[in-house]
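First comes the structure, then the notes that go with it.
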Amino acid sequence: MSAVDLTVVVPAYNEERRLGPTLETISAYLSAPDSHWTDWELIVVDDGSTDRTREIADAVAARDHRIRVLRLGRNRGKGHALRAGVLASYGRRVLVTDADLAAPITELERLSKALTDGHSAAIGSRATDGATIERHQHRIRELLGRGGNFLIRGVAVPGIRDTQCGFKLFDGEHARAAFAASRLSGWGIDVEILQYFRRQGWPVAEIPVRWAHQPGSKVRPLDYARVLAELSRLTARKPFHRPAAALRALRGADLAVIALFLLASTLLYAGRWADPGGRYLVDSMQDQNQWEWFFAVTADNVARFDNPLYTTLQGYPDGVNLMANTAMLGLSIPFAPVTWTFGPAVTLNLVMTLGLAATAVGWYWLLVRRFTAHRGAAATGAALATFAPPMISHANAHPNFVVLFMMPLIVDRALRLCEGRRVVRDGIVLGLMATYQIFLGEEPLLLAAMGMLLFAAGYGLARRDVARAVWRPLGRGLLIALAVCLPLVAFPLSWQFFGPQSYTHVVHGDNTGNSPLALLSFAERSLAGDAANAAALSANPTEQNAFYGWPLLTLTTAIVIVLWRRTAVKALAFTAFAAAALSLGIRVPVPFTDLALPGPWNLLASAPLFESVIESRVAMICAPVLGILLALALDAARTAEGAVRHAVPAAAVAALLPLFPLPLKAVDRAPVPAFIADGNWREYVDTANGESLVPVPLPDPAVAEPLHWQTTAGLGFRLPGGYFNGPYGPDRIGVYGSAPRWTSNMLRDVRYSGKVPEIGDAWREQARRDLDFWRAGAVVVAPQPGAGALRQALEQLLGHPGKWRDGVWLWDLPPRN
C-alpha cells in the first residue's frame with residue numbers, strides 16, 4: 001500500500017455502543033466534498049473485545065475500503081492497541097483519537113495547522129486557554145483527573161498541561177518511530193510518546209480543543225495512579241542519550257551489551273593477545289609491520305617534539321609524509337605513552353580491540369537513540385554493523401577501517417541539524433567531530449559522507465515535504481561545521497597535499513570493484529566461508545569488502561518489502577542498493593561469462609579524492625545500513641501477532657549464523673636477527689653522520705619485515721625503501737613504497753627469480769650511486785628464500801664477500817664523507 005495523507009487510529013475495547021456512530025462520523029467528515037483530506041485511511045484496533053465491537057467495525061469497513069480493522073488476540077491495554085495501529089499506518093500524518101470522540105473530528109483542522117506551521121506533533125488540550133468544555137465529568141472525577149495530570153506533568157513532561165486528552169496528531173514518520181520505541185501498554189503510552197518527542201527535539205504544540213465528556217469512559221480514577229507507576233518504571237529504564245547523564249542512565253542490559261562487544265572483539269584478536277609482540281596476523285600480509293611502525297614513529301616524534309607529520313626513518317633520504325599516510329594521529333598521539341611503555345605491538349592490538357568494541361557501542365547507541373529502544377534489536381543491528389564480513393576482513397590489517405566509533409556520532413549530529421533546534425551548537429560540534437575523524441581516517445569519512453548523502457537523497461525523494469523543511473537548517477549547520485573544521489585542518493591538509501613527499505592520487509589498478517558474486521558469497525573468516533572462493537572474488541584477505549551472503553541479502557529484501565511504508569526504510573534500501581552498485585567498479589563482470597559492462601563508478605572514478613578510493617570498499621557502507629534494517633525488523637516483530645513474532649528472530653539467526661566471525665589467524669612471528677635485536681648494527685652504521693642500514697631486498701609492500709627490525713631497535717637507524725604511500729614520477733602519482741631505483745629493482749628480481757644476471761662495471765657504478773643516495777653504512781641479508789642468489793649478486797656488485805654476523809650476512813661499507 002502506498003502512503004496516504006492521513007491515518008486515523010481508533011483503539012477500541014468493548015465499544016459496541018459508541019464505535020459505529022464514531023466511525024460513521026469520522027468517515028463522513030473526511031469524505032465530505034469540501035474536505036481537503038482526499039487520501040486517507042481509518043484503522044480500528046480491536047483490543048481483544050468480548051462484545052460486538054469487532055462485528056460492528058467489520059460491518060463499517062465492508063462499506064469503505066479505506067477503513068481497516070486490526071484484530072488483536074487479547075486485551076493488553078490502550079498503549080498496546082495504539083502501538084499496533086500506528087505501526088500499521090501509512091499516513092504522512094497520523095491522528096489518534098478515542099472511540100468516544102469526546103473531541104470532535106472537526107478539531108482536526110486546528111491540530112493540522114500546527115503541523116503545517118512546523119511542529120512534529122499537536123496534542124488536543126482541555127487545559128490551555130481557548131479550550132471549551134461543553135460537558136464536564138463528575139466533579140470528583142474531574143478533580144482526580146486534574147490532580148493526576150499535575151503529578152504526571154511534574155514527573156514526566158513539564159510544560160504540557162494535558163497529556164491524557166485522547167486526540168493527538170503526529171507527523172507520520174515521527175509517530176511510527178516513537179511508537180516503535182515505546183514500551184508501555186497502558187494509559188501511560190501518551191506520556192511515553194511525548195517524552196520521546198521531547199528527547200528527539202521534535203517540537204510539540206498543545207492546541208485548545210472543544211471537548212465533551214461521553215458516558216461509558218474506560219478511564220477510572222485509579223488509572224492516573226497506574227500511569228504514574230508505569231512512568232516510574234519507564235524512568236528507571238530510560239535509554240542513555242545525553243553524554244552528561246550516560247552513566248546514570250545506563251541499564252544493566254546496556255552494560256551487558258557493552259561487555260559482550262568487548263568480549264567479542266577480544267576473542268577476535270585472541271591469537272595475538274597471548275603474546276602481542278611475538279604473534280603476527282598472517283592475513284595482514286605486511287600491514288601489521290606497517291601499522292606498528294606508524295604508532296612507533298609517531299610516539300618517537302612526540303617524545304622528541306618533532307613534526308608528527310613527517311619522518312625520514314623510512315623512505316630515506318626523501319622520507320615519508322605521515323599526513324598523506326594512514327598514521328591515525330588521532331590515536332597514535334594520545335596512545336604515545338602506551339607505546340613508550342609497552343611497545344607498538346601492544347598499542348596496535350589495544351587500539352584495534354578497543355576500537356572495534358567502541359565502534360559497536362557507537363552503533364548501538366545510535367540505534368537506541370534513533371531507531372529502537374529495544375536492547376536486543378539494537379545490539380543485533382550494531383553487531384552486524386561492526387562485525388560484518390568486510391569489517392572482519394579489515395580487522396586483519398586496517399585499524400582506520402575498524403576504529404569507526406566517530407561515525408555514529410557524526411550521523412546523529414547530522415540528524416540533529418535536520419531538526420533545526422540548535423543549529424549553531426550542533427554545527428560547531430559536527431565540525432569538531434569531522435576534524436577528529438580526519439586524524440583517524442579520511443577515506444572512512446569520505447565513505448560515511450557518501451552513505452549519508454545517499455540516505456538524504458533517498459529520504460528526500462520519498463518525502464519531499466521533509467526535504468523542503470530541513471534543507472535550510474541542514475545547509476546552515478554544514479556551513480558552520482566547515483567553518484569550524486577547515487581552519488583546524490588547513491595546515492595538516494596543506495602538508496598532506498603540498499608538503500614533502502606529497503602525491504596527487506594513488507593508483508590501485510584498472511578495476512578494483514566487487515564482483516556481483518562477492519555480494520552473495522561468504523568471506524574467508526565467516527563461519528560458512530570458503531577461502532578459495534573468497535580469494536577468487538577479492539584482491540586479498542584484507543579487502544574482502546562485500547561477502548554479506550545470500551541469506552542476509554534475502555532477509556533484508558523481505559524486510560524492505562514488509563516495512564516499505566516507512567520512509568526511513570525506503571531511504572536505507574536506496575542507500576544499500578546504490579552503495580552496492582557503486583562498489584562494482586568501473587567494469588562490472590557478468591558472472592559465468594567473459595562479458596563486462598560499464599559500472600556506475602565511472603561517474604566518480606576521475607573526481608578528486610574519489611580517484612584514490614578502492615571502489616570495492618564502498619560496499620562497506622552497506623554494513624550499518626543492513627544492521628539498522630535488521631534492528632527495525634526485530635523491533636517490529638515484537639508487536640506482531642502469531643508466528644511472525646518468532647519467525648523474524650529465527651530468520652535473523654539463520655541469516656547471521658553463516659556470517660559469524662572466526663578468530664583472526666595468528667602465527668609465531670619471525671625472530672628479529674640478533675644483529676639488530678642486540679644492537680650490534682651500531683658498530684657499522686654511523687647514524688650521527690646520516691648513514692642508513694640497507695636490508696636486501698629493500699623493504700617494500702611485499703617484504704616489510706625490516707620495519708619490525710627498526711621498531712625493535714628503537715628506531716635507531718634509517719631505512720631506504722619501505723611500505724608507505726609516496727610520489728612517483730614527474731606527475732607525483734602515489735605509489736606504494738619508495739620510488740624504485742635500479743639497484744632495488746635488480747635485487748628484488750633476484751630474490752623472486754633466484755637468478756643472478758651478468759653484472760658488469762656499469763651496473764657496479766649504478767649500485768655505487770644508489771648506495772651513495774641511500775647513504776648506506778651497511779648492507780645485510782637475512783635468511784630467506786633466495787638468500788643465496790642475493791649474496792652472490794651483492795658480492796659481484798660490492799666486489800667482496802659478506803661475512804656472517806649474528807644472524808645476517810653483512811657487508812660493511814666505507815665511511816661516508
Side-chain angles (χ1 to χ4, degrees), residues 254 257-258 260-265 268 352-395 398-412 414-415 437 440-441 444-445 447-452 454-455 519 523 525-526 544-549 551-553 555-556 559-560 568-569 571-573 575-577 579-580 583 617-635 652-653 655-661:
D254 299 322
V257 168
I258 293 170
L260 283 174
F261 286 149
L262 181 59
L263 176 62
S265 184
L268 188 70
M352 297 184 82
T353 303
L354 295 181
L356 196 64
T359 300
V361 172
W363 288 120
Y364 173 72
W365 174 85
L366 180 69
L367 282 163
V368 168
R369 176 177 174 79
R370 292 286 178 181
F371 295 96
T372 171
H374 186 266
R375 296 322 201 255
T380 305
L384 176 56
T386 307
F387 297 96
M391 296 290 291
I392 299 303
S393 174
H394 285 273
H398 303 144
N400 55 321
F401 276 99
V402 168
V403 184
L404 301 176
F405 59 84
M406 289 302 301
M407 299 308 179
L409 305 181
I410 289 173
V411 170
D412 176 71
L415 292 174
Q437 179 57 43
L440 293 179
L445 180 60
L447 294 180
M450 289 178 62
M452 288 189 286
L454 291 172
F455 180 84
L519 294 165
R525 299 311 294 164
S526 295
Q544 293 176 4
N545 292 313
F547 297 92
Y548 292 102
L552 177 61
L553 297 187
L555 175 62
T556 303
I559 290 170
V560 170
V569 170
L572 290 166
T575 303
F577 180 81
S583 79
R617 291 178 176 176
V618 180
M620 297 180 72
I621 294 172
C622 299
V625 173
L626 297 179
I628 294 171
L629 287 170
L630 183 60
L632 290 174
L634 291 171
D635 186 78
V653 171
L656 296 179
L657 188 60
L659 304 181
F660 192 86

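Nothing here was measured: the structure is a model prediction, and the numbers come from that model.
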Between atom [atom1] of [X] and atom [atom2] of [Y], what is the distance when rounded to the nearest 0.5 Å?
{"X": "Leu445", "Y": "Met450", "atom1": "CG", "atom2": "CE", "value": "12.0 Å"}
{"X": "Ile621", "Y": "Leu626", "atom1": "CD1", "atom2": "CG", "value": "11.5 Å"}
{"X": "Trp365", "Y": "Ile258", "atom1": "CH2", "atom2": "CD1", "value": "13.0 Å"}
{"X": "Thr380", "Y": "Arg375", "atom1": "OG1", "atom2": "CZ", "value": "13.0 Å"}
{"X": "Leu354", "Y": "Phe261", "atom1": "CG", "atom2": "CZ", "value": "14.5 Å"}

Minimum heavy-atom distance between [X] and [Y], given as atom pair plus value:
{"X": "Tyr364", "Y": "Ala379", "result": "CD1-N, 3.6 Å"}
{"X": "Leu659", "Y": "Ala655", "result": "CG-O, 3.9 Å"}
{"X": "Tyr548", "Y": "Ala623", "result": "OH-N, 3.2 Å"}
{"X": "Leu454", "Y": "Ala579", "result": "CD1-N, 4.1 Å"}
{"X": "Pro624", "Y": "Ala385", "result": "CA-CB, 3.6 Å"}
{"X": "Ala571", "Y": "Thr575", "result": "O-OG1, 2.8 Å"}

Holding to side-chain hydrogen bond (donor to acceptor under 3.5 Å, both in side chains), I want the full list of residues that pass it with [X], two or more places apart in sequence or in another chain.
{"X": "Thr556", "value": "none"}
{"X": "Ser583", "value": "Asn514"}
{"X": "Ser526", "value": "none"}
{"X": "Asp412", "value": "Arg369, Arg370, Arg416"}

Could you check if a side-chain atom of Met352 sits within less than 4.5 angstrom of a side-chain atom of Pro399, using non-hydrogen atoms only? yes
Heavy-atom distance under 4.5 Å between the side chains of Met407 and Pro444, does that happen here? yes
Strictly by ring-ring contact (aromatic ring centres under 6.0 Å, His included), give each pair with a member in residues 370-394 just once, sequence neighbours left out. His394-His398, His394-Phe401
Using the side-chain contact (heavy atoms from CB on, under 4.5 Å) criterion, which residues pair with [X]? Sequence neighbours excluded.
{"X": "Ala395", "answer": "Leu268, Tyr269, Val402, Leu664"}
{"X": "Ala652", "answer": "Leu555, Leu630, Leu634"}
{"X": "Thr386", "answer": "Leu356, Thr359, Ala360, Trp363"}
{"X": "Val569", "answer": "Val560, Leu563, Arg566, Leu629, Leu632"}

By salt bridge (charged side-chain N to carboxylate O under 4.0 Å, His left out), Arg617 pairs with (sequence neighbours left out) Glu443, Glu543
Donor-acceptor check, side chain of Ser265 to backbone of Thr353, threshold 3.5 angstrom: yes or no? yes
Please enumerate all residues that pass ring pair (Phe, Tyr, Trp, His ring centres under 6.0 Å) together with Phe455, with sequence neighbours excluded. Tyr459
